[in-house]
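Before any comments, here is the structure.
Chain naming here is simple, since letters A, B, ... match the order of the sequence lines and numbering starts at 1 in each.
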Number of protein chains: 2
Amino acid sequence: MAEKRLTRVEAKARTREQLLDAAARVFAAKGFAGASVEEIAAEAGFSIGALYSNFAGKEDLFLALMSERAATRISDTATTLADWHDGAGQPWRAFGQQMAEVADKDMDLAPLQAEFWLYAIRHPPVMATFAENVRHRLSDLEDVIAVEVAREDGDYPEDLPARLAVVVSALFTGMVRQRRIDPESAPPELYGDALRWLFRGAKNE
Amino acid sequence: MAEKRLTRVEAKARTREQLLDAAARVFAAKGFAGASVEEIAAEAGFSIGALYSNFAGKEDLFLALMSERAATRISDTATTLADWHDGAGQPWRAFGQQMAEVADKDMDLAPLQAEFWLYAIRHPPVMATFAENVRHRLSDLEDVIAVEVAREDGDYPEDLPARLAVVVSALFTGMVRQRRIDPESAPPELYGDALRWLFRGAKNE
DNA sequence: GTCTATAAACAGATAGAC
DNA sequence: GTCTATCTGTTTATAGAC
């Protein structure tokens, strides 16, 4: 791959991104309070000075990570969702499998989001923007669910997709958590089975 | 209430309990790495010395809290579960309501358990005992679910209650999390509705 | 823009008094 | 058994060199 000559602003932007990558890894591994700016800078291959030249401090770096990267992951997930129900036979099974695979592939994501959640609980003003992020993700999920629900069941309460989106999201979060505690108790098929039960049970009630 | 004269060992045990209570509050509020032993001791009304006389250090205090208090909460929950399905009309609704109420009542519990989970992920040997705790809770839940499933449906796969227990537990954890982000999106009724969908959908499949 | 060196504050843990 | 005083290492953040 050809190395490109970078302008001054591009170089700085690249440093910033590398620091954010490193921060994601270190915050996931050590937590917000447990991570040190020195370790993050070193993980990125820079010194403390470079970090402070790009961010106001540890808190600013963490918050930048929360708003910039959490959002990215979320739209990835949304794309995955949109793809899924092409499969003819067992849509839930395939969907559940994908959910589990995504979680297994990026092992940093769940601890990092737990850190975000804890930080937001402890800093109420931050929770407002965090909640807005989550509402966006739930809205994407709701759209996908609305299509699926309408497909099999012409008549349903108008708020059912929104409510199902919350439940599916909560279920997914909890399953990922449980899979880290005891993988055998939360096999990939169980994700799909749970979804199938949920949608079957919500139908025509 | 009459003050009782305490023996030496009773006094020490009392100090220990007060330190554990304080630790639960401070660890929930600040996290493991963010909390200081000085603040925990002060919150309990003691000095640093008293803390070190009862625990080997911050880590030991945290682990004691994890094994002693997490277990207590769990058996409380199990008792709550056992009570629930006496109500004739809407068992799921009542159960969901109770789940939400318990979570709302003790606001420290969810952040503290998140701290335990993160700590266990970062200290694999600890995860083994944490997982054992969780398996116990799931086993209790499974027993309750098995009774309920058998009530309506004579013939079901033998592993269904165990699988449902994992799903219900994951759902509950995720809903509590979501309720802290955006309470309106996770009203108490939704807990019960989700359970009803789940059990309806798992029936006779 | 990034690096090195350093300042200033703080934390976990210990020692000895009571 | 608990408290006060202190030691030691680490942390965030800054200042000035390049």
Protein-nucleotide distance (A:F46, atom CZ; C:dT4, atom C1'), rounded to Å
16 Å
Would you mind telling me which of D:dT2, C:dT2, D:dG1 lies closest to the side-chain atoms of A:A50?
C:dT2
D:dG1 phosphate, OP1 or OP2: any side-chain N/O from B:T15 under 4.0 angstrom?
no
When you measure from the centre of the six-membered ring of A:F32, is the NZ or CZ of A:K58 under 6.0 Å away and within 45° of the axis?
yes
Report which part of the nucleic acid A:A35 touches: base, sugar-phosphate, or nothing (heavy-atom distance under 4.0 Å, all strands).
sugar-phosphate
Would A:E17 and A:R14 count as a salt bridge (Lys or Arg N to Asp or Glu O under 4.0 Å) here? Give the steps.
CA-CA 5 Å; A:E17 290 308 307; A:R14 187 168 146 281; over 6 Å; no
If you compare every side-chain N and O of A:S36 against the phosphate oxygens of D:dT10 (OP1, OP2), does one of them come in below 4.0 Å?
no
Separation of C:dG1 C1' from A:L51 CG (nearest whole Å)
13 Å
Taking every heavy atom of B:R16 against every heavy atom of B:A64, the minimum-distance pair comes out as NH2-CB, 4.3 Å
Does OP1 or OP2 of C:dG1 have a side-chain N or O of A:S53 closer than 4.0 Å?
no
Do you see a donor-acceptor pair shorter than 3.5 Å between the side chains of A:Y119 and A:E59?
yes
In whole angstroms, the gap separating P of C:dA11 from NZ of B:K30 amounts to 9 Å
Per the side-chain hydrogen bond (donor to acceptor under 3.5 Å, both in side chains) rule, what does the pair list look like for residues 42-57 of chain B, sequence neighbours excluded?
B:R25-B:E43
Show the distances under 3.5 angstrom between N or O atoms of the protein and N or O atoms of nucleotides 13-17 of chain D.
{"residue": "D:dA13", "atom": "OP2", "partner": "A:Y52", "partner atom": "OH", "Å": "2.8"}
{"residue": "D:dA13", "atom": "OP2", "partner": "A:K58", "partner atom": "N", "Å": "3.3"}
{"residue": "D:dA13", "atom": "O5'", "partner": "A:Y52", "partner atom": "OH", "Å": "3.4"}

Rounding to a whole Å, what distance do you find between A:L19:CG and C:dG1:P?
14 Å
Measure NZ/A:K12 against C1'/C:dT2 and give the value in whole Å, please.
10 Å
Taking the six-membered ring for Trp and the full ring for Phe, Tyr or His, determine whether the centres of A:F95 and A:Y191 are under 6.0 Å apart.
no
Here the distance between atom P of D:dT12 and atom CZ of A:F62, to the nearest Å, is 14 Å
Calculate the interatomic distance between B:E10 atom CD and D:dT2 atom P; express it in whole Å.
13 Å
Ignoring hydrogens and angles, state whether a donor on the side chain of A:Q178 or B:S169 is under 3.5 Å from an acceptor on the partner side chain.
no
Rounded to the nearest angstrom, tell me the gap between atom CD1 in B:I40 and atom P in C:dG12.
8 Å
